Visitor: 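Have a look at the structure that comes next, please.
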Amino acid sequence: ALKALHEETGETVILGRQNGAAHVQYISVLQADQGLQLAVRVGVLRPMTITGIGRVLLASKPIREVKLIVRRNNAEAPASWRVNEREFLCSLEKIRSRGYAMGDALVTPGATTVSMLLPVATGDTPLAVGVGGPVERLQANFPTLLKSLQRHVAEFQPAVPPGDEPA
């Protein structure tokens, strides 16, 4: 599913999950083939509040847990990565209602991601996928990119644990 999304959009595709109490970790990256691209590495950790993938993961959490993560990220982050807690909580409401998060180029100036949660089996670690690239290109292609992301996320099937296969 990630490869098909990558091939269709031509942009960098990132799979991420929460790592530890307050960070998102990129666990799979398919780099864009374009000259101007969002370049990230597998294994990178970022505060959850500053990435599209982190924000979409946070939008699925209870408000009390989100507040703790926001406060921790703000305490550990440089000033340019800190968020206003009240404004951030309002932005999570928008993410919940839209079903996707749009990054705001805090980590890599001039680049952003559009991110969505992936369906996972109950009890599995939540995962999110993001399509990233230069802000101008993603904005120019946003409707097409979002439809592609929504379609591939809808087609994604969580892994079935061994022994739980249907008879």
Side-chain angles (χ1 to χ4, degrees), residues 1-33 37-66 68-70 73 88-89 91-108 111-133 135 137-139 141-166:
L2 297 177
K3 187 174 181 183
L5 179 61
H6 175 257
E7 289 172 357
E8 189 172 313
T9 64
E11 299 292 354
T12 299
V13 173
I14 306 162
L15 179 65
R17 65 176 179 155
Q18 184 173 356
N19 183 310
H23 289 87
V24 65
Q25 181 178 30
Y26 302 144
I27 58 175
S28 179
V29 177
L30 300 171
Q31 288 296 151
D33 349 350
Q37 60 178 278
L38 174 61
V40 296
R41 294 184 329 271
V42 169
V44 167
L45 291 171
R46 295 279 185 239
M48 292 185 79
T49 55
I50 64 165
T51 68
I53 289 175
R55 289 175 178 185
V56 81
L57 288 167
L58 284 171
S60 69
K61 296 186 174 298
I63 199 78
R64 194 164 130 198
E65 186 179 347
V66 171
L68 292 172
I69 291 170
V70 167
N73 281 177
F88 186 79
L89 295 174
S91 73
L92 289 186
E93 285 304 317
K94 290 178 186 171
I95 292 168
R96 287 182 187 111
S97 67
R98 293 188 305 220
Y100 69 88
M102 184 85 169
D104 55 11
L106 281 176
V107 178
T108 306
T112 192
T113 61
V114 180
S115 304
M116 293 182 71
L117 283 176
L118 286 176
V120 294
T122 303
D124 282 354
T125 301
L127 298 171
V129 62
V131 177
V135 172
R137 191 166 65 222
L138 263 58
Q139 287 176 341
N141 298 316
F142 183 75
T144 304
L145 188 139
L146 182 60
K147 283 180 187 174
S148 180
L149 182 59
Q150 289 169 327
R151 187 176 67 259
H152 287 285
V153 165
E155 293 171 356
F156 184 83
Q157 295 296 315
V160 177
D164 287 351
E165 298 91 359

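Counting from 1, the numbers follow the sequence of the chain as shown. Here the structure is a predicted model, which means the values were calculated and not measured.
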Visitor: With side chains defined as the heavy atoms from C-beta onward, is the minimum distance between Ile50 and Asn73 less than 4.5 Å?
Guide: no

Visitor: Answer yes or no: is there a donor N or O on one side and an acceptor on the other, between the side chain of Thr12 and the main chain of Gly133, under 3.5 Å?
Guide: no

Visitor: Would you please name every residue forming a salt bridge (charged side-chain N to carboxylate O under 4.0 Å, His left out) with Glu155, sequence neighbours left out?
Guide: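 By the salt bridge (charged side-chain N to carboxylate O under 4.0 Å, His left out) rule, Glu155 matches no residue at all.
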
Visitor: Indicate yes or no: at least one non-hydrogen side-chain atom of Met102 is less than 4.5 angstrom from one of Thr113.
Guide: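 No, every pair of side-chain atoms sits at 4.5 Å or beyond.
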
Visitor: Of all residues at least two apart in sequence or in a different chain, which pass the salt bridge (charged side-chain N to carboxylate O under 4.0 Å, His left out) check with Lys61?
Guide: Glu65

Visitor: Determine whether Val29 and Val44 make a side-chain contact, defined as any pair of heavy atoms from C-beta on separated by less than 4.5 Å.
Guide: no

Visitor: Can you find a pair of side-chain heavy atoms, one from Val120 and one from Thr125, that are under 4.5 Å apart?
Guide: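 No, side chains not in contact.
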
Visitor: Could you work out, with side chain to side chain contact (heavy atoms under 4.5 Å, CB included) as the rule, every residue matching Leu45, not counting sequence neighbours?
Guide: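 Asn19, His23, Gln25.
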
Visitor: Of the non-hydrogen atoms in Val24 and Pro47, which two are nearest, and what is the gap between them?
Guide: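 Smallest interatomic distance, heavy atoms only, reads CG1-O, 4.5 Å.
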
Visitor: Report the distance from atom CD1 of Ile63 to atom CG of Leu58, rounding to the nearest 0.5 Å.
Guide: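 One finds 10.0 Å between CD1 of Ile63 and CG of Leu58.
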
Visitor: Might you point out which heavy atoms bring Ser115 and Gly130 nearest each other, and give the distance in Å?
Guide: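 Looks like OG-CA, 3.6 Å.
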
Visitor: When rounded to the nearest 0.5 angstrom, what distance separates CD1 in Ile69 from CD in Gln18?
Guide: 4.5 Å

Visitor: Please identify each residue that fulfils ring pair (Phe, Tyr, Trp, His ring centres under 6.0 Å) with Tyr100, with sequence neighbours left out.
Guide: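 Listed in chain order: Phe142.
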
Visitor: Could you grab the distance from atom CD1 of Ile14 to atom CG of Leu2, nearest 0.5 Å is fine?
Guide: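 One finds 11.0 Å between CD1 of Ile14 and CG of Leu2.
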
Visitor: Which pair of heavy atoms, one from Leu117 and one from Ser60, lies closest together, and at what distance?
Guide: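 So the minimum-distance heavy-atom pair works out to CD1-CB, 3.7 Å.
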
Visitor: What is the minimum heavy-atom distance between Val114 and Leu149, and which atoms define it?
Guide: O-CD2, 3.5 Å

Visitor: So which heavy atom on Gly52 is nearest to which on Ala101, and how close?
Guide: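 Residues Gly52 and Ala101, closest heavy atoms: O-CB, 3.5 Å.
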
Visitor: Under the salt bridge (charged side-chain N to carboxylate O under 4.0 Å, His left out) rule, what pairs show up with a residue in residues 47-60, not counting sequence neighbours?
Guide: Arg55-Asp104

Visitor: Quick one: closest heavy-atom pair of Met48 and Leu57, and the distance?
Guide: CE-CB, 3.8 Å

Visitor: Quick check for you: to the nearest 0.5 Å, what is the distance between His6 atom NE2 and Asp33 atom CG?
Guide: 5.0 Å

Visitor: Kindly write out the residues that satisfy salt bridge (charged side-chain N to carboxylate O under 4.0 Å, His left out) with Arg96, not counting sequence neighbours, or none if the list is empty.
Guide: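 Result, salt bridge (charged side-chain N to carboxylate O under 4.0 Å, His left out) vs Arg96: Glu93.
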
Visitor: When rounded to the nearest 0.5 angstrom, what distance separates NZ in Lys94 from OG in Ser91?
Guide: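 Taking NZ in Lys94 and OG in Ser91, the distance rounds to 7.5 Å.
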
Visitor: Hey, could you give me the CG/CZ distance between Leu127 and Phe156, rounded to the nearest 0.5 Å?
Guide: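 So the CG of Leu127 and the CZ of Phe156 are separated by 6.5 Å.
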
